[in-house]
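As the structure is a computational prediction, the values presented were derived from the model and not from experiment. A note on names: the letters A, B, ... follow the listed sequences, proteins ahead of strands, and every chain is numbered from 1.
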Number of protein chains: 2
Amino acid sequence: MIDYQDSRPIYEQIADHYKRLILVGAMNENDPMPSVRQLAVELATNPNTVQKAYALLEREGYIYTVRGKGNFVRGGDTLVENHKNEILEKLVMILKEAKEFSLNLRELVDEALGRIEK
Amino acid sequence: MIDYQDSRPIYEQIADHYKRLILVGAMNENDPMPSVRQLAVELATNPNTVQKAYALLEREGYIYTVRGKGNFVRGGDTLVENHKNEILEKLVMILKEAKEFSLNLRELVDEALGRIEK
DNA sequence: TACACTGTATTAGTACCGATAGTACAGTTG
DNA sequence: CAACTGTACTATCGGTACTAATACAGTGTA
């Protein structure tokens, strides 16, 4: 699951992995996350690294923590909605840049969509 | 021109500044760039930092260097075209992610465009 | 209560990056 | 030759990101 060739930090890879599982519906509300220690052993990394990943996920609203018990998946449509907004934000940023340089936004978007459909 | 509050490195800010000037047409083909040493003095920074910015601009095709003479703006439509492609790439990346999570691309794009028009 | 599990906090080591500095080299122009 | 261009290389300093080791703290249960 961890790709050491990948330049992205381990904690980020872990976070993204579970973010994906949750958004896709492979994990549901209140499902327990693996314990910090257990996952650290599995991934042959340090509990702190896992913890950093979990902290990130918590900040972004994907999981919640109960001291002494564990981490659990936070459910609801809010998650999907938040994720959608994240993507929307990025999209707006890029399009704003394009607009600054007088590019034709519609044309740009259509071209992009075209490349994906295939 | 340099914003020390900005977390982005100085050399990147310099590069972006001139990239913008060139793309917008404020600088034209074969216009001379300020000399490395001169610009360093102006910006109260180090010649090496400016050089790093110029090296970046050269790698990306925005300027060309003539040993002993200086750096000059590389012109032509290629630049605008390249920049457009850069943006297009980013756009495709984001939309691909959105698609993975079964988001409605058209809807997403329209929402983004809507936010910009204002 | 004791133990085994959970997460939390602190500190330390390592590595990398950005910026600066100094110095030396090389081509161009007048 | 002098004064300007860019180029190359090395060294250093400071900050920050990442990971690790270790100790601390809450929860649940036999």
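Here A:E107 pairs with B:K84 under the salt bridge (Lys or Arg N to Asp or Glu O under 4.0 Å) rule; sequence neighbours left out. The side-chain contact (heavy atoms from CB on, under 4.5 Å) test applied to B:S35 returns B:R37, B:Q38, not counting sequence neighbours. Taking the side-chain contact (heavy atoms from CB on, under 4.5 Å) definition, one finds that A:S102 meets it with nothing, sequence neighbours left out.
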Inset, instruction - Sugar-phosphate means primed atoms, P, OP1 and OP2; the rest is base. With that split, encode nucleotides 7-12 of chain C 5' to 3' as B, S or - using protein heavy atoms under 4.0 Å. - result: BBBB--
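Less than 4.0 Å separates DNA chain C from at least one heavy atom of each of the following residues of residues 3-22 of chain B: B:P9, B:I10, B:Y11.
Contact annotation: B:T49 does not reach the phosphate of C:dG18 (side-chain N/O to OP1 or OP2, under 4.0 Å). Between C:dA19 and B:N46, no contact under 4.0 Å exists linking OP1 or OP2 to a side-chain N or O.
Rounding to whole angstrom units, CD of residue B:Q38 and P of D:dG6 are separated by 9 Å. Counting to the nearest Å, the P atom of C:dG18 and the CG atom of B:L56 are 11 Å from each other. Taking atom CG on B:L39 and atom P on C:dA19, their separation rounds to 14 Å, with Å as the unit. Going from atom OH of B:Y64 over to atom P of D:dT5 covers 17 Å, rounded to whole Å. The distance between atom NZ of B:K52 and atom P of C:dT20, rounded to the nearest whole Å, is 11 Å.
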Could you tabulate the donor-acceptor pairs under 3.5 Å formed by side-chain atoms of residues 18-32 of chain B, not counting sequence neighbours?
from	atom 1	to	atom 2	distance (Å)
B:K19	NZ	B:E60	OE1	3.0
B:R20	NH1	A:E100	OE1	2.2
B:N30	OD1	B:Y64	OH	2.6
B:D31	OD2	B:N28	N	2.9

Less than 3.5 Å apart, which donor and acceptor atoms pair up between the side chains of residues 68-76 of chain B and the rest of the protein, not counting sequence neighbours?
from	atom 1	to	atom 2	distance (Å)
B:N71	OD1	B:T65	OG1	2.5

Pair up each side-chain donor or acceptor in residues 85-93 of chain A with any protein partner under 3.5 Å, not counting sequence neighbours, and list the distances.
from	atom 1	to	atom 2	distance (Å)
A:K90	NZ	B:E97	OE1	3.4

Solution key, residues 46-54 of chain B side-chain donor-acceptor pairs under 3.5 Å, sequence neighbours excluded:
from	atom 1	to	atom 2	distance (Å)
B:N46	OD1	B:N48	N	2.9
B:Y54	OH	B:P34	O	2.7

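Salt bridge annotation for A:R8-A:D16: present, with a cationic side-chain nitrogen under 4.0 angstrom from a carboxylate oxygen.
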